[in-house]
Visitor: 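Got a structure for you, written out below as structure tokens; questions coming shortly.
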Amino acid sequence: MAAASGNRPESTGRAARQENHTMEVRTRFAPSPTGYMHIGNLRTALYAWLHARGHGGKFILRIEDTDQARLVEDSVRVIYESLAVTGLDYDEGPDKGGSVGPYVQSERRHIYREYADKLLASGRAYRCFCEKTEKQEEPPQGEEKPGGEQDGPILGYDGRCSRLSESEVQANLSKGLPFVVRQRIDKDGSTAFKDFIYGDISVENKQLDDQILLKRDGFPTYNFANVVDDRLMGITHVMRGCEYLSSTPKYVLLYKAFGWDCPEHIHLPHILGPSGRKLSKREGSVALSDFLNRGYLPEAVLNYIALLGWNPGTEQEYFTREDLVKTFDIARIGKAPATFDEVKLAWLNGQHIKALPPEKAHELFARFYPAELAGRTDLAKLSAHIQGKVEKPSDIPQMTAFLSKLDEGYSAELFVNKKNKTTPENCLAALGDLKALLAGLPAWDFASIYAAVLGYAGEKGLKLGAVMWPLRIALSGLTVTPTGAIEIAELLGRGESDRRLGLAMEKLRVPL
RNA sequence: GCCCCCUUCGUCUAGCGGCCUAGGACGCUGCCCUUUCAAGGCAGAGAUCACGGGUUCGAAUCCCGUAGGGGGCGCCA
């Protein structure tokens, strides 16, 4: 106990957070099959996985498919693939088995019914025969709310069926009326729990609705299935987004109703999109596949999202998956939401690309080379040249377009550069000399071309940059290229290099 | 509307009462470099720690309030 704060609620500062090491750590990732892996969910999975792996515990995959209306075909496969590609391996799951299965909620309906019956028997739950009340649709975005007074839905269920007599219930039942099972919540007092990240959270019970446990179709709600499953599966640390923070007291009440101890609750701060709202599809990429398709490495994505809401307490930012396992600590998860910044992700991706063995980098880049480049240049060599500077492989087609086709309309003004003291005149002269020099070269490889250019610069008393500048532009039509000028010449080949040099000279003969 | 949570450079963050004239990273700017740009190395700009009160010899750090932001209030998860 942190005594520093006297008899005030305990500090939620990091030093005050202590872990319970008495039992084996079991964490779970419990996605619902939506058809794609949301980057925020992936972070939740990552943290849960890291915590299990870092403590020699078990990581469990559970599929939460209790919403029959929203089933998306093939979406469980997306979950498997996402976890596989990111290396978040699980010890128990639908396709792995385990002693507390099944691991798909739709296959556990008899279990939920059994537990709902227990609650019904003890009076902690009741049958509700009321009409279905669904959430009304939000008004379309950007539309004025007339009167300006109708924000938010009206507060919950009035609990009328909780007062039904036993005979009334039996009568309804024999009439075959459909019903849901609701949790009976005493509206007096308040319910508190201690979140590992956010500290003491307390909500007045009158704020809590008699939540539905079993739906009309017999499927459990998330609320109910979650509590039952986490308990039955022996989950010690429940990690999930903090949108559940204010409804957790309801879950706590459910644990109490069963006479169960609560697991450790670890609510994670949100990841925000550029607008400051929860990261969502409408403002850019949220699916893991979006990032993978653009050539982000799974490990870089993991590295980046790990840092969104967590930090190691050191200045290290580059982490392999194994580094993360060694370093990750739930005590260093923050409370404030974090904005997703693709620019920094790209930088980190560049760092991970640099660390790749050259074959692996080439394998990654190869997916992005335009077909027309394949026949013209040595792509493996190109990959080696650009490995140090590619951050986002999906940029490759645009970065390398000049190699397969020169944009001949580039402006001769590009040759003028103050720093290198280049003018159209001296560029023309240099290019003329170089063209002749290179044409006579016995071998066409980097070393030979470089030696020739270097020799020429020395002979003329020019800075190398002053020679490279016009050469680069002549060969590429660009002032910025992904590789050095010599590499370009080598990749282009003797004939094409010569042609481009000639073209540049023609351009330079026309006065600006 | 009611409830819960959050608030340090543009962004991710360090910070747990004196080490803070607030540190690091991305981005930005500049310099260095016998390949321009990039990469790499170095340097710099950038935060009156949301605001206002209090506690204290001393507060970014503790307390209270205000504002702003986010989330929840579904037979969705």
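Because the structure is a prediction, the values reported are computed rather than measured.
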Visitor: Return the OG1 to CG distance between A:T481 and A:L475, rounded to the nearest 0.5 Å.
Guide: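 With rounding to 0.5 Å, OG1 (A:T481) is 9.5 Å from CG (A:L475).
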Visitor: So A:A485, base contact, sugar-phosphate only, or nothing? Heavy-atom distance under 4.0 Å.
Guide: base
Visitor: Using a 4.0 Å heavy-atom cut-off across all strands, classify A:V180 as base, sugar-phosphate, or nothing.
Guide: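 Base: the residue A:V180, judged by heavy atoms under 4.0 Å, touches a nucleobase.
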Visitor: Within the pair A:K250 and B:C4, is there a side-chain N or O less than 4.0 Å away from OP1 or OP2?
Guide: no
Visitor: Between A:R294 and A:F291, is NZ or CZ placed under 6.0 angstrom from the six-membered ring centre and within 45° of the ring axis?
Guide: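 Ring-cation test returns yes.
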Visitor: Output the rounded distance in Å from CD1 (A:I486) to P (B:U34).
Guide: 16 Å
Visitor: For nucleotides B:G52 and B:U11, find the distance between their C1' atoms and express it as a whole number of Å.
Guide: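 My reading of the C1' atoms in B:G52 and B:U11 gives 28 Å.
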Visitor: Side-chain N or O of A:K335 less than 4.0 angstrom from OP1 or OP2 on B:C6?
Guide: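 For A:K335, the contact criterion (side-chain N or O under 4.0 Å from OP1 or OP2 of B:C6) is met.
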Visitor: If we take the P atom in both B:G72 and B:G53, what is their distance in whole Å?
Guide: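 Looking at atom P only, B:G72 and B:G53 are 35 Å apart.
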Visitor: Considering every strand and a 4.0 Å limit on heavy-atom distances, what is the contact class for A:Y244: base, sugar-phosphate, or nothing?
Guide: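 Touches a base.
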Visitor: Strictly by Watson-Crick or wobble contacts shorter than 3.5 Å, is anything paired with B:A59, and which nucleotide is it?
Guide: none
Visitor: What does B:G68 pair with, Watson-Crick or G-U, if both distances are under 3.5 Å?
Guide: B:C6
Visitor: Phosphate oxygens OP1/OP2 of B:G69: is one of them under 4.0 Å from a side-chain N or O of A:R277?
Guide: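 So the side chain of A:R277 is outside the cut-off, no N or O lying under 4.0 Å from OP1 or OP2 of B:G69.
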Visitor: Do any side-chain nitrogens or oxygens of A:T314 fall under 4.0 Å of OP1 or OP2 in B:A14?
Guide: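 Looking at the OP1 and OP2 atoms of B:A14, neither is under 4.0 Å from any side-chain N or O of A:T314.
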Visitor: For B:C64 versus B:C20, give the span between their C1' atoms, rounded off to a whole number of Å.
Guide: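 These two C1' atoms come out 25 Å apart once rounded.
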Visitor: Is B:U34 paired to anything, Watson-Crick or G-U wobble with both distances less than 3.5 Å, and if yes, which nucleotide?
Guide: none
Visitor: What is the pairing partner of B:G1, taking Watson-Crick or G-U wobble pairs with both distances under 3.5 Å in any strand?
Guide: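 Result: B:C73.
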Visitor: Cation over ring, A:R231 on A:Y255, under 6.0 Å and within 45°?
Guide: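 Negative - A:R231 is either too far from the ring of A:Y255 or too far off its axis.
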Visitor: Can you check whether A:T339 has a side-chain N or O nearer than 4.0 Å to OP1 or OP2 of B:C12?
Guide: yes
Visitor: Would you state whether a donor and an acceptor, one from the side chain of A:K354 and one from the base of B:A39, lie under 3.5 Å apart?
Guide: no
Visitor: Hey, which of A:W347, A:Y304, A:Y296 is the one that makes side chain to side chain donor-acceptor pair (under 3.5 Å) with A:E342?
Guide: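 The passing option is A:Y296.
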Visitor: Rounded to the Å, how far apart are A:E391 CD and B:G40 P?
Guide: 8 Å
Visitor: If you look at every strand shown and take non-hydrogen atoms under 4.0 Å, does A:S202 touch a base, only sugar-phosphate, or nothing?
Guide: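 Contact class for A:S202: sugar-phosphate only.
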Visitor: Rounding to a whole Å, what distance do you find between A:L268:CG and B:C6:P?
Guide: 14 Å
Visitor: A:L308 has a side chain; which of B:G71, B:C12, B:A14 sits nearest to it?
Guide: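 Per side-chain heavy atoms of A:L308, the pick is B:C12.
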Visitor: Find the partner of B:C28: check Watson-Crick (N1-N3 plus N6-O4 or O6-N4) and G-U wobble (N1-O2, O6-N3) distances, both under 3.5 Å, and reply none if neither fits.
Guide: B:G44
Visitor: Under 4.0 Å, counting only non-hydrogen atoms across every strand here, what does A:Y304 touch: a base, just sugar-phosphate, or nothing?
Guide: nothing
Visitor: So does A:K389 reach the base of B:A38 with its side chain, donor to acceptor, closer than 3.5 Å?
Guide: yes
Visitor: Flag the pair A:K187 and A:D210 as a salt bridge only when some basic side-chain nitrogen lies within less than 4.0 angstrom of an acidic carboxylate oxygen.
Guide: yes
Visitor: With nearest nucleotide decided by heavy atoms, which residue, A:L245 or A:T481, maps closer to the 5′ end of RNA chain B?
Guide: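 Taking each residue's closest nucleotide, the earlier one in sequence belongs to A:L245.
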Visitor: Considering only atom C1', compute the distance from B:U8 to B:C49 and round it to an integer number of Å.
Guide: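 Rounded to whole Å, the distance is 4 Å.
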Visitor: Could you tell me the Watson-Crick or G-U partner of B:C49, where both distances fall under 3.5 Å? Say none if there is no partner.
Guide: none
Visitor: With the side chain of A:H270 defined as its heavy atoms from C-beta on, choose the nearest nucleotide among B:U13, B:A25, B:G70.
Guide: B:G70
Visitor: Rounded to whole angstrom, note down the C1' distance from B:C51 over to B:C16.
Guide: 23 Å
Visitor: What's the closest nucleotide to the side chain of A:S246 if the choices are B:C4, B:C2, B:A77?
Guide: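 For A:S246, the side-chain atoms sit closest to B:C4.
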Visitor: Is A:E413 salt-bridged to A:K507, going by a charged N under 4.0 Å from an acidic O?
Guide: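 Looking at A:E413 and A:K507, the cut-off is not met.
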Visitor: Which residue lies toward the 5' end of RNA chain B, A:P337 or A:M468, if each is placed at its nearest nucleotide?
Guide: A:P337
Visitor: At under 4.0 Å between heavy atoms, what does A:L454 touch on the DNA or RNA strands: base, sugar-phosphate, or nothing?
Guide: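 Contact class for A:L454: base.
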Visitor: Taking the minimum atom-to-atom distance to the side chain of A:Q207, which one of B:C2, B:G23, B:U35 wins?
Guide: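 Closest of the options to the side chain of A:Q207: B:C2.
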Visitor: Taking atom P in both B:G65 and B:C3, compute the distance separating them and give it to the nearest angstrom.
Guide: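 It works out to 13 Å between them.
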Visitor: Between B:A47 and B:U34, how far apart are the two P atoms, rounded to whole Å?
Guide: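 That atom pair is separated by 36 Å.
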Visitor: Salt-bridge test for A:D158 and A:R160: reply yes if a basic N is under 4.0 Å from a carboxylate O, no otherwise.
Guide: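 Salt bridge flag = yes for A:R160 with A:D158.
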Visitor: Suppose you measure atom P in B:C6 against the same atom in B:A14; what distance do you get, rounded to whole Å?
Guide: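 Result for the P pair: 14 Å, nearest Å.
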Visitor: Would you mind classifying the nucleic acid contact of A:S32 as base, sugar-phosphate or nothing, using non-hydrogen atoms under 4.0 angstrom?
Guide: sugar-phosphate
Visitor: Assign A:G484 to base, sugar-phosphate, or nothing according to its heavy-atom contacts below 4.0 angstrom with the strands shown.
Guide: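 The answer is base, as A:G484 lies within the cut-off (heavy atoms under 4.0 Å) of a base atom.
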Visitor: A:V203 has a side chain; which of B:C5, B:C3, B:U35 sits nearest to it?
Guide: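 Of the candidates, B:C3 comes closest.
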Visitor: Report the distance from atom CZ of A:F129 to atom P of B:C75, rounded to the nearest whole Å.
Guide: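 So the two atoms are 17 Å apart, to the nearest Å.
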Visitor: Looking at the side chain of A:Y198, which of B:C6, B:C37, B:G24 is the nearest nucleotide?
Guide: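 Per side-chain heavy atoms of A:Y198, the pick is B:C6.
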Visitor: If the threshold is 4.0 Å, N to carboxylate O, is there a salt bridge linking A:K381 and A:E490?
Guide: yes
Visitor: Of all the nucleotides listed (B:G24, B:C26, B:C12), which has the minimum atom distance to the side chain of A:W347?
Guide: B:C26
Visitor: May I ask you to say what A:Q211 touches in the nucleic acid, namely base, sugar-phosphate or nothing, with a heavy-atom cut-off under 4.0 Å?
Guide: nothing
Visitor: Categorize A:F446 for me: base, sugar-phosphate, or nothing, with a 4.0 angstrom heavy-atom threshold over every strand shown.
Guide: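 Base, at least one base heavy atom under 4.0 Å.
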Visitor: Quick one: do A:D230 and A:R62 make a salt bridge, cutoff under 4.0 Å?
Guide: yes
